[in-house]
Amino acid sequence: MTTKRQKGVVMCEQCRTVYAVWIRPDGDTYPISSHNNCSCEERARVVIDKP
C-alpha cells in the first residue's frame, strides 16, 4: 500500500465552506490547514476537485 497523498478541494454540505484537503489513497480526507476547516460538528465533506 502506498502512503502517497494528493491535494484536493472539498465542500461541507452543511455550511457550504470550501477548503483544501489531503486525500489519502484510501479516500479519507483531512484539512491541509486548520484555518481552512469548517466549524460544523458533523462534517459531510464532498470532494469537488482533485488532480
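Numbering of residues begins at 1 and proceeds along the displayed sequence.
Two residues are said to be in side-chain contact when any heavy atoms from C-beta on lie closer than 4.5 Å; I48 and V10 fail this criterion.
Y19 and V47 fall within the same hydrophobic cluster, where Ile, Leu, Val, Met, Phe, Trp and Tyr residues are linked whenever their side-chain heavy atoms come under 4.5 Å apart, directly or through other members.
Taking every heavy atom of both residues into account, C40 and Q14 meet most closely at CB-OE1, 3.4 Å.
Atom NZ of K7 is separated from atom CD1 of I23 by 12.0 Å, given to the nearest 0.5 angstrom. Note that CZ of R5 and CD1 of I32 are 8.0 Å apart. Values are rounded to the nearest 0.5 Å. The CZ atom of R45 lies 11.0 Å from the OH atom of Y30; values are rounded to the nearest 0.5 Å.
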task = Could you walk me through whether V21 and V9 pass the side chain to side chain contact (heavy atoms under 4.5 Å, CB included) test, one step at a time?
result = CA-CA 6 Å; V21 294; V9 178; over 6 Å; no
